[in-house]
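Notes to accompany the following structure.
Model, not experiment: these values are computed from the prediction.
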Amino acid sequence: MNMEKFNIKRMYGFYWMIISLAIQLITFICFLCLIFYLKSFDSTNANQEAVNEIFSVLILIDVLFAICFIASLIIYLYRFLPFINSKGKLIHVKILERSIGSVMYGKIETDNLNKKVRIRFVSRIFSKYFTSYQVGDYAECFVREQDLSDPKIVVLYR
C-alpha cells in the first residue's frame, strides 16, 4: 500500500479557490481605501445628510465584501483542513452522480471495497466542472489513512 501526504496544490480547483479568495480580499481593501479617500475631502459645503448616506452605503457594501471573504475562507478551511498533513492513498472512483452545487458521489471499486462515497473538490467555474467529469468517468481521489477501511468522503485530485 503506497501512502503519501495530502497535497492541496494537486487538488482539482485549488488555484480557483486561491484566485477567488484574492479577488474578494482585494475588493474589500479597494472599497476600504475608497471610503478613506472620500473621507479625506472637505465636505463642509456639501449636504451633510447626503454625504452621510453615501458613506453608510459604502460601509455597508464593504462589510458585505468582508463577510463574503470570511465566509469563503471558513468554508474552505472546514472542507479541506481535515485532510492537511494527513497520509493516505490515491484511489480511482467511478462517478455515479453529480449536481450543480459542486457535489459528486462516486463508487470505490477495489478488491476489498465496494462503497459509495462523497467526492469533495473546489470549482468556481461550473462549466469547466461539467465538461471535465461525466457520470461513469473515473477520477483520481485521495482517501485518508484512517478512513481506508470505511471511507465516506474523498478529495478529487486532477
Side-chain angles (χ1 to χ4, degrees), residues 1-36 55-158:
M1 190 178 294
N2 185 16
M3 293 290 179
E4 64 179 63
K5 279 199 165 224
F6 178 72
N7 184 358
I8 195 165
K9 291 180 183 174
R10 285 187 54 209
M11 190 180 67
Y12 179 83
F14 168 74
Y15 294 106
W16 283 111
M17 176 176 68
I18 298 300
I19 290 169
S20 70
L21 287 173
I23 288 172
Q24 291 174 12
L25 183 62
I26 289 169
T27 307
F28 166 70
I29 291 171
C30 287
F31 260 88
L32 194 61
C33 291
L34 176 68
I35 291 169
F36 287 133
F55 279 120
S56 63
V57 168
L58 287 175
I59 290 170
L60 180 66
I61 291 171
D62 199 35
V63 167
L64 289 176
F65 281 128
I67 290 171
C68 288
F69 171 72
I70 291 169
S72 294
L73 187 63
I74 289 171
I75 288 169
Y76 291 143
L77 288 174
Y78 171 75
R79 290 183 76 187
F80 300 109
L81 200 56
F83 293 94
I84 301 299
N85 292 327
S86 64
K87 285 189 174 187
K89 184 178 176 187
L90 292 177
I91 57 169
H92 290 281
V93 177
K94 183 177 182 180
I95 297 173
L96 297 176
E97 59 183 89
R98 64 189 183 137
S99 70
I100 196 163
S102 295
V103 177
M104 287 197 309
Y105 291 94
K107 187 176 188 180
I108 301 173
E109 297 173 341
T110 62
D111 296 335
N112 334 355
L113 201 57
N114 195 358
K115 179 151 174 84
K116 185 176 178 180
V117 293
R118 182 174 181 181
I119 302 171
R120 279 192 180 166
F121 71 102
V122 178
S123 178
R124 284 289 185 186
I125 300 177
F126 291 122
S127 62
K128 185 174 181 178
Y129 152 67
F130 278 114
T131 59
S132 296
Y133 297 98
Q134 302 295 330
V135 173
D137 290 347
Y138 284 88
E140 188 177 37
C141 297
F142 179 83
V143 179
R144 292 185 299 181
E145 184 177 15
Q146 62 261 33
D147 296 338
L148 279 174
S149 61
D150 187 28
K152 292 179 179 54
I153 297 174
V154 295
V155 176
L156 180 65
Y157 268 33
R158 269 191 204 275

Begin from the C-alpha positions of V155 and M11 and carry the test side-chain contact (heavy atoms from CB on, under 4.5 Å) through to its verdict.
-> CA-CA 7 Å; V155 176; M11 190 180 67; 3.4 Å; yes

I119 CD1 to I108 CD1 distance, which is reported to the nearest 0.5 Å = 9.0 Å

How long is the gap from OH on Y76 to CD1 on I18, to the nearest 0.5 Å?
-> 9.0 Å

Side chain to side chain donor-acceptor pair (under 3.5 Å) filter on K116, not counting sequence neighbours, yields E97

For R79, does its backbone N or O pair with a side-chain atom of R120 as donor and acceptor, under 3.5 Å?
-> yes

Under the side chain to side chain donor-acceptor pair (under 3.5 Å) rule, collect the residues that match up with Y105, sequence neighbours excluded.
-> none

Those residues that, when tested against F69, pass ring pair (Phe, Tyr, Trp, His ring centres under 6.0 Å) (two or more places apart) = none

Looking at residues at least two apart in the chain, or sitting in another chain, which of them share a side chain to side chain donor-acceptor pair (under 3.5 Å) with Q146?
-> none

Nearest atoms (heavy-atom pairs only) where P82 meets L77 | CD-O, 4.1 Å

Euclidean distance, I70 CD1 relative to L21 CG, rounded to 0.5 Å | 11.5 Å

Which donor-acceptor pairs under 3.5 Å do side chains of residues 55-66 form with protein atoms, sequence neighbours excluded?
from, atom 1, to, atom 2, distance (Å)
S56, OG, N52, O, 3.2
S56, OG, E53, O, 2.8

Check side chain to side chain contact (heavy atoms under 4.5 Å, CB included) between L90 and all other residues, then give those that pass, not counting sequence neighbours.
-> E4, R10, E140, F142, Y157

Partner set under side chain to side chain contact (heavy atoms under 4.5 Å, CB included) for D150, not counting sequence neighbours = K115, K152

L156 and M104, any side-chain heavy atoms less than 4.5 Å apart = yes

Could you tell me the separation between the CD1 atom of I8 and the CZ atom of F6, rounded to the nearest 0.5 Å?
-> 5.0 Å

Are C30 and L34 close enough that some pair of their side-chain heavy atoms sits under 4.5 Å apart?
-> no

If we ignore angles and hydrogens, is there a donor and acceptor under 3.5 Å between the side chains of Q24 and S72?
-> yes

Heavy-atom closest pair (P151 atom, V117 atom, distance to 0.1 Å) is O-CG1, 3.5 Å

Going from CG on L73 to OG on S20, what distance comes out if it is rounded to the nearest 0.5 angstrom?
-> 10.0 Å

Minimum-distance pair of heavy atoms, taken over all atoms of K107 and N114 | CE-OD1, 2.6 Å

Set of salt bridge (charged side-chain N to carboxylate O under 4.0 Å, His left out) partners for K94, sequence neighbours left out | none

Is the charged tip of R144 near the ring of F83: under 6.0 Å from the six-membered ring centre and within 45° of its axis?
-> yes

From S86 atom OG to M3 atom CE, the distance as rounded to the nearest 0.5 Å = 10.5 Å

